[in-house]
Every structure is written in C-alpha cells, then in structure tokens.
Amino acid sequence: MQKQDTRTSLEILLDISRELATTLDLHTVLSRILTLSTENIGAERASLVVLDENAKPIDAAIIYDGRLTPNTVSQLQDVVANGLAGWVIRNKKAALVPDTSNDIRWLARSTDSSEIVQGKSALCVPLMAMDELVGVLTIVHAEIEFFTEADLSLQQAIAGLAGIAIRNARLYEYSEAVQKRYQELFEDSIDPIMITDLDGRILEVNHKAIQVSGYTGKDLLKMNIKNLHVLHDEVTGSHFDSIPLVGTVSYESVLHCEGNRLLPIEVYVSKITTLGTPILQWIVRDIEVRKDLDTLRSDLTAMIYHDLRSPLANIVSSLEILSTLVPMEDDSAIKSVYQIASRSTDRMQRLINSLLDINRIEAGMQVTEKNAVQIPVLVDDAVETTLPNILSKNQRISKQVAQGLPELCVDEDMIKRVLINLIENASKYSPSRSEILVTANHVSGSVEFCVDDNGPGIPEDFKERIFEKFNRVNSFSTRKGLGLGLAFCRLAVTAHGGKIWVENKPEMGSRFIFTIPID
Ligand code: ADP
C-alpha cells in the first residue's frame with residue numbers, strides 16, 4: 001500500500017473532522033475512525049478500543065484489509081491488559097514501534113499467522129477527550145519501519161478528533177438511554193401522569209391518564225390541568241408559584257372525568273426544568289377504593305363502639321347491684337371474683353372510651369367536659385387502677401408529685417386514661433421485678449407528667465412513629481396490642497394544648513413525658 005503524501009495533513013484532518021461530525025452513532029463513529037485512519041496513513045489493519053471511566057474496555061472494532069469486524073472486546077482483551085495498547089492506556093502516551101519483533105510491548109496473538117508474527121510496524125495512540133482517556137487506537141503495517149514521526153503526529157491529531165467524536169457519541173447514547181428509560185417509566189406508570197407548562201396547559205399525558213380520565217389523548221392535550229381537577233391553590237399557589245423547584249407538594253382532590261364522572265384522587269406535583277424550561281409534572285393517584293374503605297371503617301367502628309358501650313354499661317351496673325345484694329367478706333372468694341369482673345369491665349370501658357375519643361378528636365371535635373382536677377388525686381387514681389396488674393408481675397410502682405401544684409382544668413377521665421395507658425405500657429414492656437416511677441412537676445406554665453420504666457427503651461427511629469395509629473416497635477412482638485394506646489395519648493394531650501414525647505433514659509428504659517398547660 002502506498003502512502004498518500006499527495007494530500008496535506010491539514011486536508012486529511014479537515015476531511016476526518018467533517019466525516020465525524022455527521023454522526024452520533026457510536027458504532028458508525030468507530031467504523032469511520034478505523035477506515036479513515038487506515039486509508040489516510042496507508043495501514044492495512046487497525047483496532048480501536050473504547051474505554052469507560054475506569055479504563056475498562058466497553059466496545060471495540062477491528063479493520064483488516066478494509067473489512068470491519070465490530071464488537072471485538074473479547075478478542076482485544078489480552079492486548080489491552082498486557083500488550084502495546086495496555087502500555088499506551090497506562091502511560092497515556094503514544095507509541096511508535098518500527099519493528100514489533102523487537103518490542104516487548106508487542107503481543108503476538110495465537111491467531112496471528114506465522115507471517116504476521118514476523119516483524120511489522122505499529123502506531124498506537126491514546127484517544128483523549130479533554131483530559132479523559134476514552135479509547136486507544138492501534139494501526140499496523142506488515143512492513144517494518146513503515147511509519148514515520150510525521151505519521152505519528154498525524155495519527156495523534158486524528159486521535160484528538162476521534163476522542164471528541166467518541167465522547168459525543170457516548171454522551172448521546174447515554175442521553176438516549178435515559179430518555180428511553182424515562183419514556184418507559186412514564187408510559188408504564190400505574191398512576192396517571194400529566195406534564196403541563198407553568199400556565200397549566202397539558203403538554204403530555206401517559207396511557208394511564210387517558211384510561212382513568214376517559215378522555216382521548218387529543219382531548220387532554222387541549223385542556224388545562226385547572227379544569228381537570230379541583231386545584232388547591234393554597235398548596236400550589238394560584239400561578240403554581242408555591243411548587244418548589246426541589247421536592248413535591250401533594251393534596252387530595254377530585255378528578256373531573258369524561259361524562260361528568262368524579263373520581264377522588266391524591267395529586268403529587270413537582271416542578272422540573274428540562275432544557276432550560278420549567279414544566280410541571282402531575283402524578284395522580286386514584287384513591288376511590290381507599291376513600292370507600294375509610295368511610296366503611298369509620299362507620300363500622302363507630303357502630304361497634306356504640307353497640308359495645310350500652311351492653312357493657314348494663315354489666316357494670318348489674319355488678320354494682322350484685323355487690324350490694326351479696327354480702328362480701330374481705331377475703332371471700334365472691335369478693336375476689338367480683339373484683340376481677342369489675343377490673344375487667346373497667347378496662348373494657350376505658351378502651352372503648354379511648355377508641356371513641358380517637359374518632360371524635362380526629363373528626364375535629366373539641367374537648368368540652370372539662371373540670372378542675374387535683375393532680376395528686378389524678379396520679380393516685382391512675383396508680384391505684386394499675387396496681388393489681390403491676391403487683392401480679394412482681395413489679396413496683398412509686399410516685400413523686402411536687403408540692404403545691406395548681407389544679408388543672410381538663411377532661412379528668414381522658415387525662416387519667418392517658419396516665420393509665422403509659423403506666424400499663426411501662427409494666428407491659430418491662431421485665432418482672434422492675435420499677436416504675438410516676439412524677440408530676442411544675443415546668444414553665446405547664447404540669448409535666450413523667451412515667452419512667454426499666455424496659456428496653458424505644459429505638460431512635462421509632463420515637464415519633466409509636467404515636468401513630470397501629471405502629472408498634474416490633475409488630476411481631478409477643479406482647480399483645482394494637483398500637484392504638486399511644487395514638488390516643490397524643491390526640492388527648494394535644495386536644496388539651498399539651499405535648500407528649502418519649503426519651504430514653506441514660507441507664508436503661510424509657511421515659512414518657514406529657515405536659516398539660518395550667519391555663
Ligand atoms: P400497643 O401497646 O397496643 O402495641 P401503644 O400505642 O400503647 O400500643 O404502643 C405502641 C408501641 O410502642 C408498642 O407496641 C411498643 O412497641 C412501644 N412501647 C410503648 N410503650 C413502651 C415502653 N414503655 N417501653 C418500650 N416500648 C414501648
């Protein structure tokens with residue numbers, strides 16, 4: 001093959017740069033680089049390996065006598081690890097090898113014919129984009145000392161263009177993959193998604209949005225999001241200006257579907273900037289089933305509580321009548337049976353009343369039955385109620401009520417139930433023979449009640465969650481419970497203007513604290 005010395009290096013580079021600028025497809029770029037390099041320098045074979053940011057080969061191609069073989073990473077693996085290309089990658093320097101049989105960096109490949117194993121000449125250059133190594137290009141000629149320093153300079157200049165072309169092609173490939181992934185997520189989402197501009201005009205909708213709304217895609221693209229659902233502009237701002245650039249805002253609303261059908265929904269809106277233009281992404285979740293279930297559950301619970309309350313009240317009053325009719329000696333069996341029955345009914349009444357209170361307070365009702373309560377009496381009653389249980393577990397309970405505490409104006413029964421709940425938990429979650437301490441103190445305008453125990457304490461990430469309904473530290477705990485007690489305590493204390501929280505004691509155990517404002 002003759003060297004093309006009739007064309008200047010500048011002309012060759014100009015041609016190559018024009019050619020490489022016409023495509024962003026990585027395989028086409030590789031093939032063009034290999035063809036142009038071999039044609040312009042007059043080599044007969046060449047290989048190009050594309051590297052990732054850790055200099056690991058991710059793509060490769062070989063050209064031999066004008067025939068291109070793509071996807072040759074596995075064939076070139078050993079050359080990249082131990083051969084001339086490997087040396088160039090490690091040193092980020094070009095190499096001109098006049099005679100490969102005299103160069104230890106040259107690896108004779110087992111597939112090479114004996115004629116090829118004899119001396120050849122080679123040029124190997126790193127392909128750089130900015131300062132990043134993106135590949136390595138090796139060109140080979142069967143004659144020794146075929147390549148000159150001028151060829152090396154030209155090849156290095158070609159490598160500069162090739163490096164940028166490969167980097168652009170890879171960036172393009174990456175952005176195409178990201179776009180494709182987003183499109184798939186968008187289309188396959190189980191929730192309706194709509195994209196709008198900042199005026200609310202719908203620009204894009206996914207398949208689920210069409211299915212749920214009942215409108216055609218064309219119809220939706222003519223609509224404004226404001227006409228499609230009841231907007232909560234106290235959340236979004238009337239011009240969507242309250243939607244932050246980072247994060248999502250959400251609210252419940254109603255979707256106006258085709259044919260005047262209304263669907264309860266939860267809306268999640270976020271502001272996204274693509275190609276310099278901010279857009280809004282609306283993810284809509286169908287909550288019709290959840291709403292129906294919520295209504296059913298609260299109807300059902302309200303009914304159960306009311307239907308349990310009156311028969312229970314009958315049992316309580318019958319027990320009281322019985323206690324006046326039957327003489328009860330202090331240590332008689334009748335008295336002890338009566339006490340068990342009476343304690344159990346009291347417990348059931350407390351439970352039902354707390355469940356009713358949860359329902360009432362959650363529905364926004366105020367605490368109305370307030371009266372002046374003496375704190376020592378409140379604490380004594382709570383301790384006395386829980387004492388039989390505590391003694392049966394071989395535990396001890398003590399109380400420390402500060403002198404001169406003012407009276408509190410509260411729903412006495414409700415706040416006593418809060419204290420009983422905390423003491424019962426302290427006993428339930430602590431081992432036998434442990435100690436429980438109940439204290440009441442005056443702390444900056446409030447009375448602060450504490451219940452301390454020597455139990456396992458509360459893990460950090462559960463300190464808030466245990467006050468939510470049905471949340472337990474270990475749902476598989478062998479201790480019975482529904483996870484409603486502390487939810488009731490928080491609602492009751494908050495309804496009185498106070499606060500409740502838990503701290504872990506430095507030694508062992510937890511301290512549940514709640515405050516009630518003195519006013
Ligand atoms: P329940 O006792 O019915 O599970 P609660 O709402 O009273 O419901 O308590 C919620 C969870 O908080 C309990 O399941 C338990 O895991 C944890 N917990 C409550 N009090 C204590 C305590 N004194 N020590 C350790 N864990 C506790």
Side-chain angles (χ1 to χ4, degrees), residues 297-298 301 304-305 308 343-344 346-362 379 382-383 385-400 413-440 448-496 498-516:
R297 197 179 55 188
S298 60
T301 37
I304 292 171
Y305 303 154
L308 280 179
R343 275 203 298 273
S344 299
D346 282 353
R347 232 174 150 244
M348 274 176 81
Q349 271 188 320
R350 279 201 303 277
L351 191 67
I352 292 170
N353 286 341
S354 297
L355 291 171
L356 273 175
D357 284 339
I358 292 180
N359 260 21
R360 280 200 206 110
I361 300 172
E362 278 186 339
V379 173
V383 169
T385 308
T386 50
L387 194 61
N389 227 1
I390 290 171
L391 294 180
S392 74
K393 275 192 82 180
N394 275 332
Q395 293 166 332
R396 288 201 341 205
I397 184 161
S398 47
K399 56 197 173 189
Q400 286 169 10
D413 182 53
M414 203 186 278
I415 295 303
K416 201 188 292 171
R417 274 185 279 125
V418 171
L419 209 48
I420 291 174
N421 241 300
L422 297 182
I423 300 173
E424 281 182 341
N425 274 354
S427 162
K428 181 158 82 168
Y429 295 103
S430 305
S432 59
R433 272 182 266 284
S434 59
E435 301 224 356
I436 299 162
L437 174 65
V438 184
T439 58
E448 186 179 273
F449 295 88
C450 299
V451 178
D452 288 27
D453 64 45
N454 309 126
I458 308 288
E460 205 54 41
D461 52 337
F462 273 90
K463 279 181 164 174
E464 268 303 305
R465 282 153 60 187
I466 49 168
F467 292 98
E468 290 164 14
K469 282 197 285 186
F470 309 113
N471 250 321
R472 311 189 71 212
V473 172
N474 184 355
S475 0
F476 306 109
S477 157
T478 46
R479 306 244 160 65
K480 283 191 198 136
L482 279 176
L484 281 171
L486 291 178
F488 157 73
C489 292
R490 174 159 281 181
L491 284 168
V493 169
T494 319
H496 281 85
K499 284 193 184 132
I500 182 165
W501 69 98
V502 62
E503 289 172 5
N504 283 327
K505 296 196 303 177
E507 50 289 8
M508 199 193 168
S510 49
R511 167 174 295 165
F512 281 82
I513 305 160
F514 73 91
T515 59
I516 301 287

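Counting starts at 1 for both ligands and their atoms, in listed order. What's counted below: heavy atoms across the whole structure, side chains too, no hydrogens, waters or symmetry copies.
- Ile513 contributes atom CD1, which lies 5.0 Å from atom CH2 of Trp501 (distance to the nearest 0.5 angstrom).
- Near Arg472, meaning under 4.0 Å from any of its heavy atoms, are these atoms of ligand 1: 1 (P), 4 (O), 11 (C), 14 (O).
- Atom NZ of residue Lys399 and atom CG of residue Leu419 lie 11.0 Å apart, to the nearest 0.5 angstrom.
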Side chain to side chain contact (heavy atoms under 4.5 Å, CB included) between Ile397 and Leu391, worked out: CA-CA 9 Å; Ile397 184 161; Leu391 294 180; over 6 Å; no
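- Here the straight-line distance linking atom CZ of Phe449 with atom CD1 of Ile500 works out to 11.5 Å at 0.5 Å rounding.
- Contact analysis leaves Gly455 out of contact with ligand 1, as no non-hydrogen atom separation drops below 4.0 angstrom.
- The structure places SG of Cys450 at 10.5 Å from NZ of Lys505, a figure rounded to the nearest 0.5 Å.
- The backbone of Asn471, and not its side chain, has at least one atom closer than 4.0 Å to an atom of ligand 1 (non-hydrogen atoms only; backbone = N, CA, C, O).
- Between Asp413 and Arg417 there is a salt bridge, since at least one side-chain N of the basic residue sits less than 4.0 Å from a carboxylate O of the acidic one.
- Across the listed options Asn425, Asp453, Leu486, Asn454, Leu486 owns the non-hydrogen atom lying nearest to atom 6 (O) of ligand 1.
- Each of the atoms 22 (C), 23 (N), 24 (N) of ligand 1 lies under 4.0 Å from some heavy atom of Ser510.
- Heavy atoms of Ile458 found under 4.0 angstrom from ligand 1 belong exclusively to the side chain.
- In terms of polar-atom proximity, Gly483 is counted as a contact of ligand 1, with an N or O under 3.5 Å from an N or O of the ligand.
- Each of the following atoms of ligand 1 lies closer than 4.0 Å to a heavy atom of Ile466: 11 (C), 12 (O).
- Residue-ligand proximity: Lys428 is placed with a non-hydrogen atom under 4.0 Å from ligand 1.
- Summarising the contacts of atom 16 (O) of ligand 1 with Leu422, Val473, Leu484, the nearest heavy atom is found in Val473.
- Inclusion of Asn421 in the set of residues having an N or O under 3.5 Å from an N or O of ligand 1 is not warranted.
- Residue contact check for ligand 1: Phe512 places a non-hydrogen atom closer than 4.0 Å to it.
- When heavy-atom distances to ligand 1 are checked against a 4.0 Å cut-off, Phe467 has no atom that comes that close, whether in backbone or side chain.
- Within the model, atoms CD1 of Ile436 and CD1 of Ile423 stand 7.5 Å from one another, a figure rounded to the nearest 0.5 Å.
- Residues satisfying the ring pair (Phe, Tyr, Trp, His ring centres under 6.0 Å) criterion with Phe512, sequence neighbours excluded, are absent altogether.
- A salt bridge does not link Arg343 to Asp346: none of the charged nitrogens lies less than 4.0 Å from a carboxylate oxygen.
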